[in-house]
Amino acid sequence: MLQLSLYPELIEAGCDEAGRGCLAGPVFAAAVILPKGFACEELNDSKQLKDKERYALRPLIEEQAVAWAVGIVDHKEIDKINILNASFLAMQRAVASLEVKPQHLLIDGNRFCGYSGIPHTCVVKGDGKLLPIAAASVLAKTYRDDYMKKLHEEYPIYGWSKNMGYPTKVHRQAIAEHGVTPYHRLTFNLTEKQLKLDF
């Protein structure tokens, strides 16, 4: 089972994002504060779980968490501030929405820009090491997937109900044949071969 905390004496919130490498849609992040003594052998990095397992864990996390929240940064903001800053902003929005203020943040990854004077620790592959980050990864992933499935109803040819906006062959081919939608991230390389200008 994953570790529950880094500093057991502090109120810690795990933070993780979903959708960073996508060509379309927002980036989602979640922040989760788990109670002392929380245990769940099934909880792991959302990428290691099946879709069914993630959705089964979501209500358990929401019911047992001391507090949880989701933050969103849409594709237009991503194009303005870049995906790295957008990932940080989504995490900050999630933390800001928590009903309980954490004393320490556990951030998945190797970088974070900080939030409002709350100390943080970056943990590489933290979603596979710490339960609060794993819980955040499950919430961020499932809520973003729900969002992309709704967008799929509007633009079914891009296959978002399956690829969730990631750069699959089907997705890139649809962009090449039908162009972009209002939800695509225009600063990303949307086709396999970048367009070259002949002078």
Side-chain angles (χ1 to χ4, degrees), residues 1-8 12-73 78 83-84 86-88 90-91 93-95 98 102 104-112 120-152 159-172 188:
M1 195 169 69
L2 310 189
Q3 193 177 332
L4 180 56
S5 60
L6 272 188
Y7 301 101
E12 290 183 318
C15 302
D16 199 7
E17 53 73 29
R20 189 164 156 175
C22 295
L23 304 180
V27 62
F28 273 58
V32 180
I33 300 171
L34 294 175
K36 306 292 181 191
F38 177 86
C40 181
E41 286 187 17
E42 296 79 22
L43 184 53
N44 200 348
D45 168 10
S46 65
K47 296 184 289 297
Q48 303 298 321
L49 300 170
K50 293 177 182 173
D51 196 46
K52 196 175 179 181
E53 293 170 329
R54 286 192 290 265
Y55 279 98
L57 284 165
R58 186 165 89 179
L60 181 145
I61 294 164
E62 292 175 352
E63 286 162 18
Q64 295 196 29
V66 172
W68 65 273
V70 173
I72 304 166
V73 175
I78 291 168
I83 188 59
L84 180 63
S87 298
F88 295 161
M91 288 187 197
R93 286 177 177 169
V95 173
L98 288 170
H104 185 246
L105 304 178
L106 301 170
I107 307 294
D108 183 56
N110 60 359
R111 280 192 283 178
F112 186 56
H120 67 272
T121 301
C122 293
V123 184
V124 176
K125 296 185 179 177
D127 45 8
K129 296 173 183 175
L130 287 154
L131 285 167
I133 300 179
S137 80
V138 168
L139 296 193
K141 172 66 176 159
T142 54
Y143 276 100
R144 188 180 187 281
D145 284 359
D146 288 347
Y147 186 91
M148 292 309 295
K149 287 170 190 172
K150 284 182 184 175
L151 292 189
H152 171 82
W160 291 340
S161 64
K162 290 183 179 176
N163 63 47
M164 304 304 165
Y166 282 93
T168 61
K169 190 176 179 180
V170 168
H171 190 181
R172 286 199 191 273
F188 279 51

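What's counted below: heavy atoms across the whole structure, side chains too, no hydrogens, waters or symmetry copies.
In this structure, M164 and H152 have side chains that are not in contact, with every pair of non-hydrogen atoms separated by 4.5 Å or more. In this structure, the side chains of K129 and Q3 stay at 4.5 Å or more apart for every pair of heavy atoms. In this structure, E12 and L6 have side chains that are in contact, with non-hydrogen atoms separated by less than 4.5 Å. Annotation: side chain of H104 is in contact with side chain of T121 (closest heavy-atom distance under 4.5 Å). Within the 4.5 Å cutoff, the side chain of F188 has heavy atoms near those of the I83 side chain. Counting heavy atoms from C-beta on, the side chains of R54 and L57 never come closer than 4.5 Å. When side chains are defined from C-beta on, D51 counts as touching D145, because their heavy atoms get closer than 4.5 Å. Contact of the V138 side chain with the Y55 side chain is not registered, since no non-hydrogen atoms from C-beta on lie closer than 4.5 Å.
Among residues at least two apart or in separate chains, side chain to side chain donor-acceptor pair (under 3.5 Å) pairs with a member in residues 57-68 are R58-T142, R58-D146, E62-Y143.
Put simply, the side chain of T168 never gets that close to the backbone of N163: no donor and acceptor are under 3.5 Å apart.
Of all heavy-atom pairs between A94 and A69, the closest is O-CB, 3.3 Å. Between G128 and L2, the shortest heavy-atom distance links the atoms O-CD2, 3.2 Å. A pairwise comparison of heavy atoms in C15 and V95 identifies SG-CG2, 3.7 Å as the closest pair.
In this structure, CG on D108 lies 4.0 Å from CG on D127, to the nearest 0.5 angstrom. Y147 contributes atom OH, which lies 9.5 Å from atom CH2 of W160 (distance to the nearest 0.5 angstrom). For the atom pair CD (Q48) and OG (S137), the distance works out to 9.5 Å, reported to the nearest 0.5 Å. To the nearest 0.5 Å, atoms NZ (K141) and CD (E17) are separated by 11.0 Å. A distance of 9.5 Å separates CG in L105 from SG in C122, rounded to the nearest 0.5 Å.
Summarising the local packing, NZ of K149 is surrounded by more than 12 heavy atoms from other residues, nucleotides or ligands at distances under 6.0 Å.
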side-chain contact (heavy atoms from CB on, under 4.5 Å) for R111 and L84? Distances and angles first, verdict last.
CA-CA 9 Å; R111 280 192 283 178; L84 180 63; 3.6 Å; yes

Can you give the donor-acceptor pairs under 3.5 Å from side chains of residues 19-44 to other protein atoms, not counting sequence neighbours?
from: K36; atom 1: NZ; to: P8; atom 2: O; distance (Å): 2.3
from: K36; atom 1: NZ; to: L10; atom 2: O; distance (Å): 3.3

